[in-house]
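Residue numbers run from 1 in the order of the sequence given.
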Amino acid sequence: VGAKVNLTVTGSDCEGLEVLFRPVEDDVFSGDDIVRVNPPNAVFRNGAAISNWIVEDQFDEGFTKPEYYFIAGLKEDATKNIKSGLLQVI
């Protein structure tokens with residue numbers, strides 16, 4: 001918690017397009033939780049869009065440490081998005 005993490009998405013034919021990164025706290029039994037502060041948008045350069053985010057402390061069901069995933073989507077077309085694997089807070 002409080003650590004800065006880099007968020008990277010790669011793609012082809014995306015040069016100059018803007019990406020929105022949306023971190024979400026993963027829950028198994030209840031609905032997933034949105035974060036308080038989203039990372040800045042990024043622009044594809046040389047096949048990658050890179051942003052960063054400060055990991056937030058959020059309550060996690062089961063009283064465990066929060067686990068996050070990220071949804072990265074094109075600002076120009078929100079239907080073009082991808083979900084990351086889990087980031088586990090240790």
S.K.: How far apart are the closest heavy atoms of V35 and N38, and which atoms are they?
M.R.: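 Minimum heavy-atom separation between V35 and N38: CG2-OD1, 3.6 Å.
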S.K.: Locate the shortest heavy-atom distance separating V19 from A72; write the atom from each residue and the value.
M.R.: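 Looks like CG1-CB, 4.0 Å.
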S.K.: Kindly indicate whether the side chain of D33, heavy atoms from C-beta on, has any atom under 4.5 Å from the side chain of V24.
M.R.: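 They are not in side-chain contact.
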S.K.: Measure the spacing between CG of N52 and CG of L7 and express it to the nearest 0.5 Å.
M.R.: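 Result: 7.0 Å between the selected atoms.
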S.K.: Do any N or O atoms from the side chain of Q58 and from the backbone of K65 form a donor-acceptor pair under 3.5 angstrom?
M.R.: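 It does not hold such a pair.
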S.K.: With clusters defined by side-chain heavy atoms of hydrophobic residues (ILVMFWY) lying less than 4.5 Å apart, directly or transitively, does F70 cluster with L17?
M.R.: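 Yes, L17 connects to F70 through the hydrophobic network.
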S.K.: As an exercise, state the distance from CD of E76 to SG of C14, rounded to the nearest 0.5 Å.
M.R.: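 Output value for this atom pair is 9.5 Å.
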S.K.: Give a yes or no on whether the backbone of G47 and the side-chain of T10 come within a donor-acceptor separation of less than 3.5 Å.
M.R.: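 Such a contact is absent between T10 side chain and G47 backbone.
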S.K.: Rounded to the nearest 0.5 Å, how far does CD1 of I71 lie from CD1 of I34?
M.R.: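 So the CD1 of I34 and the CD1 of I71 are separated by 11.5 Å.
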S.K.: What I'd like to find out is whether the side chain of E56 reaches to under 4.5 Å of the side chain of E25, using heavy atoms alone.
M.R.: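 Side chain of E56 against side chain of E25, heavy atoms only: no contact under 4.5 Å found.
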S.K.: Pairing donors with acceptors under 3.5 angstrom, does anything connect the side chains of D77 and T79?
M.R.: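 A donor-acceptor contact under 3.5 Å links the two side chains.
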S.K.: Is there a side-chain contact (heavy atoms from CB on, under 4.5 Å) between D26 and L86? Walk through the geometry before answering.
M.R.: CA-CA 8 Å; D26 186 55; L86 284 180; 3.7 Å; yes
S.K.: With a 4.5 Å heavy-atom cut-off, do F21 and N41 have their side chains touching?
M.R.: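 The answer is no, as the side chains (C-beta and beyond) never meet within the 4.5 Å cut-off.
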S.K.: List the steps, then state whether side-chain contact (heavy atoms from CB on, under 4.5 Å) holds for V55 with Y68.
M.R.: CA-CA 9 Å; V55 178; Y68 295 93; 3.9 Å; yes
S.K.: Applying a strict under-4.5 Å side-chain criterion to I, L, V, M, F, W and Y, I'd like to know whether V5 and V9 cluster together.
M.R.: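 Yes, one cluster joins them.
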S.K.: How close do R36 and D57 get, counting heavy atoms only, and between which atoms?
M.R.: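 Heavy atoms only, the tightest pair is NH2-O, 3.1 Å.
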S.K.: Shortest non-hydrogen contact from S51 to P40?
M.R.: OG-O, 2.6 Å
S.K.: Backbone N or O of L74 within a donor-acceptor pair of the E18 side chain at under 3.5 Å?
M.R.: no
S.K.: Between the side chain of W53 and the main-chain N/O of A3, is any donor-acceptor distance below 3.5 Å?
M.R.: no
